[in-house]
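As structure tokens, the structure follows; a few thoughts come after it.
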Amino acid sequence: MMGRHSVPDGSSTPGTGASAPYERFTGETPNDSIETMIIPAVTTFDEPDLPAEEPAPLQRRRRPAGPAIRNYVGVVAILIWGLAPFYWMVITAFRDSAYTFDTTPWPTHVTLDNFRDALSTDTGNNFLAAIRNSMIIGAATTAVALLLGIFTAYALARIDFRGKFIVVGIILGASMFPTVALVTPLFQLFSDLGWIGQYQALIIPNISFVLPLTVYTLTSFLTDLPWELEEAARIDGASKGQAFRLVLLPLAAPALFTTAILAFIASWNEYLLASLLSTDRTEPVTVAIALFEGPNAFTQPYAAIMAAGTLVTVPLVIMVLIFQRRIVSGLTAGGVKS
């Protein structure tokens with residue numbers, strides 16, 4: 001039998017004056033005698049810790065400046081192309097009519113007389129009545145298009161039926177017809193019905209123009225909504241109508257808001273059909289501005305026309321700028337599957 005024992009620190013071995021630690025081994029010899037050997041213990045030394053190497057700094061690759069410059073130049077060119085006519089219209093609206101053709105690119109000879117002329121009825125123009133007509137036509141078109149579009153979009157998004165894609169194709173194909181191709185048939189139809197000069201003759205065609213956009217936008221959004229929300233409402237005891245009204249409609253508010261703005265703007269800007277199907281009593285602002293009359297038959301009131309155009313356009317621009325986040329979120333909703 002062999003055993004290993006440690007000698008306490010500070011003890012010395014016999015016959016030596018060393019104080020280093022020792023280890024003692026004992027064992028039995030064949031003659032059953034115990035023999036003890038003491039040998040010095042092996043001293044180990046810990047290697048000193050080396051300092052950690054610092055990682056080499058990352059070198060960023062410099063991107064070429066050419067593409068960025070081209071992007072900025074393109075953006076500036078698009079802004080100038082889109083905003084230059086609007087800017088010149090506003091400048092001319094605030095400029096004295098005697099300097100209408102002045103080419104100075106900043107406001108000069110500033111006056112508000114052009115706006116007073118645009119709103120005046122002395123020369124036979126009734127611009128305020130035209131604004132009222134446009135509001136009525138736009139509001140009615142938007143309300144009916146949203147009412148029909150939300151139910152149609154719900155059916156296309158939630159219900160599987162035979163011929164579903166054919167219906168979608170017909171709805172989208174209806175928006176491809178050029179307006180000028182519909183002028184003669186609509187004029188003949190509304191003449192036979194006695195609707196020329198009536199609001200319904202302007203509202204119904206506008207609904208057919210904005211309804212495809214309404215259905216397409218709302219269908220894309222409702223398709224992206226999870227089924228589980230409606231099913232949870234049904235499990236809690238809600239009917240299909242209640243689940244649609246209390247659960248889906250609040251979630252679809254961004255898409256509804258976006259669609260309403262786009263539908264109203266499209267109806268507000270319509271001119272071709274309105275110029276043929278309206279009368280003095282129902283003409284919208286687009287027709288009223290085109291028929292502006294000056295103080296005599298030989299004077300075209302360009303400055304007053306620019307002032308009227310500014311009054312019509314600026315509120316729409318302000319509305320779009322205020323609600324641009326909602327518009328973008330509504331247009332992009334449903335574009336990415338979650």
Side-chain angles (χ1 to χ4, degrees), residues 78-142 179-180 199 202-203 205-206 209-210 260-324 327:
I78 293 174
L79 288 177
I80 294 176
W81 178 267
L83 296 180
F86 176 74
Y87 173 78
W88 196 255
M89 178 183 68
V90 175
I91 292 298
T92 307
F94 285 96
R95 183 173 290 164
D96 191 281
S97 58
Y99 300 90
T100 300
F101 300 101
D102 188 1
T103 58
T104 306
W106 51 80
T108 57
H109 308 91
V110 178
T111 181
L112 296 177
D113 293 340
N114 299 324
F115 293 93
R116 284 191 287 267
D117 294 340
L119 299 176
S120 176
T121 58
D122 295 339
T123 57
N125 305 320
N126 197 352
F127 189 65
L128 292 178
I131 294 178
R132 182 195 63 210
N133 294 334
S134 290
M135 293 291 294
I136 294 174
I137 296 170
T141 299
T142 303
T179 307
V180 68
Y199 286 116
L202 302 173
I203 294 173
N206 285 337
F209 296 150
V210 302
I261 292 178
L262 297 178
F264 184 84
I265 292 176
S267 176
W268 184 274
N269 292 333
E270 204 283 320
Y271 170 76
L272 182 58
L273 289 177
S275 64
L276 299 174
L277 302 178
S278 65
T279 58
D280 294 341
R281 188 177 66 87
T282 58
E283 64 181 11
V285 291
T286 52
V287 178
I289 292 175
L291 299 178
F292 256 36
E293 297 179 357
N296 55 67
F298 303 100
T299 303
Q300 189 69 17
Y302 292 109
I305 291 175
M306 293 297 180
T310 302
L311 292 175
V312 171
T313 307
V314 168
L316 295 180
V317 173
I318 294 176
M319 181 176 63
V320 171
L321 291 177
I322 293 175
F323 300 108
Q324 60 178 337
I327 295 175

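Here the structure is a predicted model, which is why all the values come from computation and not from measurement. All residue numbers in this chain count up from 1 along the given sequence.
For the salt bridge (Lys or Arg N to Asp or Glu O under 4.0 Å) test, no residue two or more places apart in sequence or in another chain qualifies with D96. Residues passing the side-chain hydrogen bond (donor to acceptor under 3.5 Å, both in side chains) test with R132, sequence neighbours excluded: none.
Contact annotation: the side chain of L262 never approaches that of V210 to less than 4.5 Å [non-hydrogen atoms, C-beta and beyond]. Contact of the N206 side chain with the F209 side chain is registered, since non-hydrogen atoms from C-beta on lie closer than 4.5 Å. Side-chain contact between T286 and W268: absent, with no pair of heavy atoms (C-beta onward) separated by less than 4.5 Å. Side-chain contact check for I305 versus Q300: some heavy-atom pair is nearer than 4.5 Å. A 4.5 Å side-chain heavy-atom check between L202 and S278 finds at least one atom pair inside the cut-off. Between Y199 and I137, some side-chain heavy-atom pair lies under the 4.5 Å cut-off.
Rounded to the nearest 0.5 angstrom, D102 CG and H109 NE2 are separated by 7.0 Å. Between atom CG of residue L119 and atom CG of residue N126 there is a gap of 10.5 Å, rounded to the nearest 0.5 Å. Distance CE/M306 to CD1/I289: 10.5 Å, rounded to 0.5 Å. Taken to the nearest 0.5 Å, the OG1 atom of T141 stands 9.5 Å off from the CD atom of E270. With rounding to the nearest 0.5 angstrom, the CG atom of L112 is 11.0 Å from the CG atom of D117. Summarising the geometry, atom CZ belonging to F127 is positioned 12.5 Å from atom CG belonging to L291; distances are rounded to the nearest 0.5 Å.
Counting heavy atoms of neighbouring residues, nucleotides and ligands inside a 6.0 Å radius, atom OH of Y99 does not exceed 12 of them.
When all heavy atoms of V312 and L316 are compared, the pair lying nearest together is O-CG, 3.8 Å. The nearest pair of heavy atoms linking Y87 to P105 is OH-O, 2.6 Å. Nearest approach of I203 to A140, heavy atoms of both residues: CD1-CB, 3.6 Å. When all heavy atoms are compared, the tightest approach of P205 to L273 is CB-CD1, 3.6 Å. Between R95 and P107, the shortest heavy-atom distance links the atoms NH2-CA, 4.4 Å. Taking all atoms of both residues into account, the shortest heavy-atom contact from P284 to A274 is CG-CB, 3.6 Å.
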May I have the step-by-step check of side chain to side chain contact (heavy atoms under 4.5 Å, CB included) for F86 and T310, ending in yes or no?
CA-CA 8 Å; F86 176 74; T310 302; 5.7 Å; no
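In this structure a side-chain-to-backbone donor-acceptor pair under 3.5 Å is present from N133 to R281. In this structure, the side chain of S134 does not engage the main chain of I131 through any donor-acceptor pair within 3.5 Å. Formation of a donor-acceptor pair under 3.5 Å by the S267 side chain with backbone atoms of F264 is not found in this model.
Taking the six-membered ring where tryptophan is involved, the planes of F94 and F115 are tilted, since the angle between them lies from 30° to 60°.
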